[in-house]
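First up is the structure itself, then whatever we jot down about it.
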Amino acid sequence: MKNIVSYLKDFRLAGIVKTYELRLSEAGEKNLSHKEFLEIILEDERANRETNRKKRMYSIAHFPYQKYMEDFDFTFQPELKKGAILNLATGSFIPKGENIVLIGQPGTGKTHLSIALGLKALSYGYTCLFTTVWDMITTLQSSRADMTYKKKIEYYTKPDLLILDELGYRSMGETTVEDFFEVVSRRYEKKSTIITSNREFTGWDKIFIDKTLTGAIVDRLIHHCHTFIIKGESYRFKNRSKEE
Ligand code: ADP
Ligand code: MG
């Protein structure tokens with residue numbers, strides 16, 4: 001006859017496997033009923049599955065590092081509307097498929113804010129994917145060569161929240177603009193996208209080269225969009241100016 005632990009393993013009840021021995025002695029000591037014991041170990045299984053799901057969601061989101069809203073110093077960017085950002089941190093823009101565009105010079109906290117919003121989104125149970133624009137378009141380009149293009153487009157279309165960091169550092173070629181447009185138009189009005197850029201909208205035709213496609217991309221992105229232009233100086237200069 002099989003023992004209980006091997007049954008639990010066969011049925012993939014890893015949460016119960018972890019706590020089974022402890023719970024058994026606890027049940028003995030506290031004189032728990034069969035029903036109480038069963039409820040406790042089922043709750044262990046549920047909690048373990050929830051923890052694993054969160055870890056999985058965090059790992060597939062591919063954040064380069066962790067940055068939190070609570071650590072963002074809004075007093076350093078007084079022109080940035082704190083209330084509006086904190087409102088977005090409730091995640092309410094995600095089911096509405098609204099977008100966020102963060103524009104500012106390097107060091108003004110765009111990546112920090114986008115990761116912080118992404119982590120909040122995960123905590124509400126939304127799926128999220130972080131990528132730089134450059135990584136996404138090079139991945140899409142090479143996927144054309146190995147016939148995984150459709151799958152890769154799906155990969156960028158599917159998450160509830162897609163964070164596209166660093167738009168505008170490098171300009172794109174014709175087919176890469178088409179790939180970018182493909183992702184944006186598939187997500188349009190269905191899924192939320194956060195874009196960070198060092199260039200204001202008026203300069204985006206220099207990134208996307210083709211004027212018609214630029215118009216089509218910008219139209220879709222800004223239709224339901226919260227735009228923030230962060231005018232302050234780089235946070236990297238913060239301590240430097242204090243020391244001076
Ligand atoms: P950007 O993406 O705009 O170039 P980052 O978000 O990478 O800037 O910010 C650069 C560094 O400064 C990061 O370590 C970030 O956490 C920090 N930082 C930027 N702005 C703030 C701020 N207002 N409060 C706290 N940390 C900030
Ligand atoms: Mg950045």
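Just so you know, residue 1 is the first one in the sequence shown, and it goes up from there. Both ligands and their constituent atoms are indexed starting at 1 by order of listing.
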Next on the checklist: Any side-chain to backbone donor/acceptor pair from His62 onto Thr131? Under 3.5 Å, distance only.
Outcome noted: no
Checklist outcome for this item: ligand 1 atoms nearer than 4.0 angstrom to some heavy atom of Asp73 are 22 (C), 23 (N), 24 (N), 25 (C)
Checklist entry - Yes or no on side chain to side chain contact (heavy atoms under 4.5 Å, CB included) for Tyr169 and Val133, after CA distance, side-chain angles and deciding distance? => result CA-CA 9 Å; Tyr169 283 96; Val133 170; over 6 Å; no
Checklist outcome for this item: With heavy atoms and a 4.0 Å threshold, my read on which part of Asp71 contacts ligand 1 is backbone
Checklist entry - Going by distance only, is there an N or O of Thr111 that falls short of 3.5 Å from an N or O of ligand 1? => result yes
Item to check | Closest approach of any protein heavy atom to atom 8 (O) of ligand 1, naming residue and atom | outcome: Gly109 N, 3.2 Å
Checklist entry - With distance as the sole test, does Arg187 use its side chain to make a donor-acceptor pair with the main-chain N or O of Ser192 at under 3.5 Å? => result yes
Next on the checklist: Give me the residue, atom name and distance of the protein heavy atom closest to atom 19 (C) of ligand 1.
Outcome noted: Tyr235 CB, 3.2 Å
Item to check | Interfacing atoms of ligand 1 (cut-off 4.0 Å, heavy-atom, Pro106) | outcome: 4 (O)
Checklist entry - Hey, is Gly104 one of the residues with a heavy atom under 4.0 angstrom from ligand 1? => result no
Item to check | Nitrogen or oxygen of Tyr65 less than 3.5 angstrom from that of ligand 1 | outcome: no
Checklist outcome for this item: atom 3 (O) of ligand 1 sits nearest the protein heavy atom Lys110 NZ, 2.7 Å
Checklist entry - Which atoms of ligand 1 have any heavy atom of Lys67 under 4.0 Å away? => result 13 (C), 14 (O), 15 (C), 16 (O)
Checklist entry - Is the distance from the Mg ion (ligand 2) to some N, O or S atom of Thr196 under 2.8 Å? => result no
Next on the checklist: Gly107 versus ligand 1: do any nitrogen or oxygen atoms come within less than 3.5 Å of each other?
Outcome noted: yes
Checklist entry - Any chain of hydrophobic side-chain contacts (each under 4.5 Å) joining Phe208 to Leu162? => result yes
Checklist entry - What do we get for Phe72 next to ligand 1 when only non-hydrogen atoms under 4.0 Å count, side chain, backbone, both or neither? => result both
Next on the checklist: Pairing donors with acceptors under 3.5 angstrom, does anything connect the side chains of Gln66 and Tyr58?
Outcome noted: yes
Item to check | Matching residue for Thr157 among Arg186, Glu182, Lys191, Lys152 - test: side-chain contact (heavy atoms from CB on, under 4.5 Å) | outcome: Arg186
Next on the checklist: Would Lys67 pass as a cation-pi partner of Tyr65, given that its NZ or CZ must be under 6.0 Å from the six-membered ring centre and within 45 degrees of the axis?
Outcome noted: yes
Checklist entry - Considering only heavy atoms of Arg236, which atoms of ligand 1 have at least one such atom less than 4.0 Å away? => result 7 (O), 10 (C)
Item to check | Aromatic plane relationship, Tyr235 with Phe76 - under 30° parallel, 30 to 60° tilted, over 60° perpendicular | outcome: perpendicular
Checklist entry - Is the side chain of Trp204 donor-acceptor paired with the backbone N or O of Arg199 at a distance under 3.5 Å, no angle test? => result yes
Checklist outcome for this item: atom 6 (O) of ligand 1 has as its nearest protein heavy atom His112 N, 2.8 Å
Checklist entry - Under the side chain to side chain contact (heavy atoms under 4.5 Å, CB included) criterion, do Ile94 and Tyr124 qualify, and how do the steps go? => result CA-CA 10 Å; Ile94 299 173; Tyr124 306 133; 5.7 Å; no
